[in-house]
K.L.:
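The structure's right below; bear with me while I get my questions together.
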Amino acid sequence: EADIYQTPRYLVIGTGKKITLECSQTMGHDKMYWYQQDPGMELHLIHYSYGVNSTEKGDLSSESTVSRIRTEHFPLTLESARPSHTSQYLCASSSGTPVYGYTFGSGTRLTVV
Amino acid sequence: DQQVKQNSPSLSVQEGRISILNCDYTNSMFDYFLWYKKYPAEGPTFLISISSIKDKNEDGRFTVFLNKSAKHLSLHIVPSQPGDSAVYFCAATTSGTYKYIFGTGTRLKVLA
């Protein structure tokens with residue numbers, strides 16, 4: 001079944017650790033995105049990619065980095081986690097047809113202690 | 001500057017009645033509008049969309065209305081069911097940008 005997968009679902013990690021949030025999709029979409037959402041707030045775009053070896057920063061400044069070496073895989077990395085990085089991170093993909101929107105993964109709830 | 005606004009953070013409705021969720025936007029270049037539903041600890045799921053050339057789109061219990069002159073859209077859920085209790089986000093995009101702008105969401109609670 002075509003879908004988009006995020007791991008882990010929940011992560012509690014200490015300050016200063018390096019973490020990678022995984023995102024993979026099996027729909028063949030060339031466009032992928034990372035959003036950050038705090039409770040009660042809108043979704044903020046932090047990174048996006050329109051194809052292999054193409055990545056851009058989003059509207060919200062983020063200390064994270066991303067890579068797109070394969071079409072289906074779009075991991076997000078934090079080199080040194082801080083408590084201010086505590087948030088929900090949502091990965092999404094799109095075919096680019098505006099009427100269909102994004103398909104989102106289940107999200108990763110990150111807590112940095 | 002928030003381009004997509006959902007001014008009601010929460011809404012409670014009795015089961016079987018109509019739920020009306022509202023969304024306003026400021027960018028006249030937006031030409032597609034979508035509604036997403038989000039349960040806690042899950043990603044948003046796509047509900048329904050509408051293009052700016054239409055003023056209404058219906059899918060089962062869900063209907064979206066677009067008023068371009070007022071830059072306003074609304075989602076109607078009839079009849080409301082307890083399983084509809086979730087946070088609803090509206091989103092908007094301009095064709096060719098491939099990015100959506102989201103509102104802050106409205107938490108709907110359907111009371112049994």
Side-chain angles (χ1 to χ4, degrees), chain A residues 2-11 21 23-25 27 29-51 54-60 87-111, chain B residues 1-10 23-27 29-54 57 59 62 64 66 73 75 86-107:
Chain A
D3 211 339
I4 181 165
Y5 305 93
Q6 283 188 250
T7 56
R9 289 290 303 273
Y10 302 93
L11 180 62
L21 308 184
C23 177
S24 294
Q25 50 98 3
M27 293 172 286
H29 289 166
D30 55 356
K31 297 168 181 56
M32 295 188 74
Y33 309 81
W34 277 101
Y35 279 82
Q36 184 176 342
Q37 190 208 9
D38 295 318
M41 304 295 288
E42 64 263 48
L43 282 70
H44 289 289
L45 180 66
I46 52 175
H47 297 284
Y48 61 99
S49 166
Y50 291 163
S54 160
T55 62
E56 301 286 345
K57 288 189 178 293
D59 306 320
L60 180 69
S87 189
Q88 184 178 39
Y89 293 83
L90 293 161
C91 181
S93 71
S94 167
S95 65
T97 306
V99 71
Y100 297 131
Y102 295 145
T103 302
F104 280 93
S106 298
T108 294
R109 170 68 64 183
L110 174 65
T111 302
Chain B
D1 176 33
Q2 215 174 338
Q3 299 184 66
V4 177
K5 298 179 184 178
Q6 294 177 257
N7 293 317
S8 298
S10 63
C23 180
D24 297 295
Y25 62 95
T26 58
N27 189 340
M29 298 298 291
F30 289 147
D31 56 0
Y32 284 90
F33 304 88
L34 296 83
W35 285 94
Y36 283 85
K37 175 180 176 179
K38 186 179 185 297
Y39 293 118
E42 293 186 15
T45 54
F46 171 78
L47 263 181
I48 191 168
S49 63
I50 189 168
S51 81
S52 59
I53 63 172
K54 295 185 174 181
N57 189 28
D59 184 2
F62 302 92
V64 56
L66 176 63
L73 65 155
L75 174 69
V87 177
Y88 290 78
F89 291 93
C90 68
T93 189
T94 303
S95 296
T97 64
Y98 308 120
K99 289 184 279 183
Y100 296 84
I101 308 298
F102 288 82
T104 53
T106 296
R107 182 177 302 277

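Labels below follow one simple rule: chain letters A, B, ... track the order of the sequence lines, proteins then strands, and each chain is numbered from 1. Because only heavy atoms are used, hydrogens play no part in the values below, and waters and symmetry mates are left out as well, while side chains stay in.
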K.L.:
Go through the atoms of B:Q2 and report whether side chain, backbone, both or neither lie under 4.5 Å from a heavy atom of chain A.
P.N.:
side chain
K.L.:
Pick one of side chain, backbone, both or neither for A:T97, based on which atoms fall under 4.5 Å of a heavy atom in chain B.
P.N.:
backbone
K.L.:
Relative to chain A, which segment of B:F102 carries a heavy atom at a distance below 4.5 Å: side chain, backbone, both, or neither?
P.N.:
both
K.L.:
With chain A as the partner, which of B:A41, B:G96, B:G103 has the greatest number of non-hydrogen pairs under 4.5 Å?
P.N.:
B:A41
K.L.:
Could you look at B:P44 and say if it's the side chain, the backbone, both or neither that has a heavy atom under 4.5 Å from chain A?
P.N.:
both
K.L.:
Side chain from CB out, backbone as N, CA, C, O: work out which of these in B:K99 comes under 4.5 Å of a heavy atom of chain A, or both, or neither.
P.N.:
both
K.L.:
In Å, rounded to the nearest 0.5 Å, how long is the span from OH of B:Y98 to OH of A:Y33?
P.N.:
8.5 Å
K.L.:
Please classify the contact between B:Y39 and chain A as side chain, backbone, both or neither, with a heavy-atom cut-off of under 4.5 Å.
P.N.:
neither
K.L.:
Side chain, backbone, both or neither: which part of A:Q37 has an atom under 4.5 Å from a heavy atom of chain B?
P.N.:
side chain
K.L.:
Counting only heavy atoms closer than 4.5 Å, note whether B:F46 contacts chain A via side chain, backbone, both or neither.
P.N.:
side chain
K.L.:
Side chain, backbone, both or neither: which part of B:S51 has an atom under 4.5 Å from a heavy atom of chain A?
P.N.:
neither
K.L.:
Which atoms of B:F89 come close to chain A, meaning under 4.5 Å heavy atom to heavy atom: side chain ones, backbone ones, both, or neither?
P.N.:
side chain
K.L.:
Can you tell which part of A:L45 gets under 4.5 Å to a heavy atom of chain B, answering side chain, backbone, both or neither?
P.N.:
side chain
K.L.:
Can you tell me which portion of A:Y10 sits under 4.5 Å from chain B's heavy atoms? Options are side chain, backbone, both or neither.
P.N.:
side chain
K.L.:
Name the option with the most non-hydrogen atom pairs under 4.5 Å to chain B; the candidates are A:G107, A:S106, A:G105, A:P98.
P.N.:
A:P98
K.L.:
Which bit of B:T97 comes within less than 4.5 Å of chain A, counting heavy atoms only: side chain, backbone, both or neither?
P.N.:
backbone
